[in-house]
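Right, one structure below, let's go through it.
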Amino acid sequence: MPVIVVEVMPKPELLDPQGKAVAGALHRLGTSGIAGVRIGKRFEVTVDEVTDEVLAEVTRLANDMFSNSVIEDVVSITVDSTSAAS
């Protein structure tokens with residue numbers, strides 16, 4: 001069955017305390033070359049089939065339910081082509 005993937009990230013201008021904590025931990029572990037980390041959310045919505053109507057509904061859900069538009073942006077809505085073949 002096809003899977004539609006929705007990715008949500010904190011707005012760039014807002015502090016991301018989880019990302020900051022992970023970046024600090026990476027630095028303490030000796031990891032180099034990483035300037036920063038931001039942590040978001042990923043939703044995988046399994047659908048019977050991908051149609052324009054289904055994509056429109058998932059887009060509506062992404063904007064109204066999966067994300068808080070005050071502090072987050074929906075950065076992508078894609079069809080996972082690897083799951084569509086299963």
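In what follows, every heavy atom counts, from backbone to side chain, and hydrogens, waters and symmetry copies are set aside.
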- Item | Contact list for residues 58-82, test ring pair (Phe, Tyr, Trp, His ring centres under 6.0 Å), sequence neighbours left out |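 Ring pair (Phe, Tyr, Trp, His ring centres under 6.0 Å) check on residues 58-82 returns Phe43-Phe66.
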- Message: With ring pair (Phe, Tyr, Trp, His ring centres under 6.0 Å) as the rule and sequence neighbours excluded, what pairs involving residues 14-35 come up?
- Response: none
Can you list, pair by pair, the side-chain donor-acceptor contacts under 3.5 Å of residues 12-23, counting residues two or more places apart and other chains?
{"unit_1": "Asp16", "atom_1": "OD1", "unit_2": "Gln18", "atom_2": "N", "d": "3.4"}
{"unit_1": "Asp16", "atom_1": "OD1", "unit_2": "Gly19", "atom_2": "N", "d": "3.1"}
{"unit_1": "Asp16", "atom_1": "OD2", "unit_2": "Ile39", "atom_2": "N", "d": "2.6"}

- Query: What is the minimum heavy-atom distance between Ala62 and Ser67, and which atoms define it?
  - Reply: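 Looking at all heavy atoms of both residues, the closest pair is O-OG, 2.8 Å.
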- Shortest non-hydrogen separation from Gly40 to Pro10 and the atoms involved: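 Closest pair (atom of Gly40, atom of Pro10, distance): CA-CD, 4.2 Å.
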Answer yes or no: is there a donor N or O on one side and an acceptor on the other, between the side chain of [X] and the main chain of [Y], under 3.5 Å?
X: Arg38; Y: Lys11; value: yes
X: Arg28; Y: Gly24; value: yes
X: Asp73; Y: Val75; value: no

Linked, directly or transitively: [X] and [Y] (ILVMFWY side chains, under 4.5 Å):
X: Val8; Y: Val37; value: no
X: Ile34; Y: Leu29; value: no
X: Met9; Y: Ile71; value: no

- Query: Among Thr78, Val54, Asp80, which residue meets the side chain to side chain contact (heavy atoms under 4.5 Å, CB included) test with Ile4?
  - Reply: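 Per the side chain to side chain contact (heavy atoms under 4.5 Å, CB included) rule, the option paired with Ile4 is Val54, out of Thr78, Val54, Asp80.
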- Flag yes if more than 12 heavy atoms outside Asp64 fall under 6.0 Å of its CG atom; otherwise flag no.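 Above 12, so yes.
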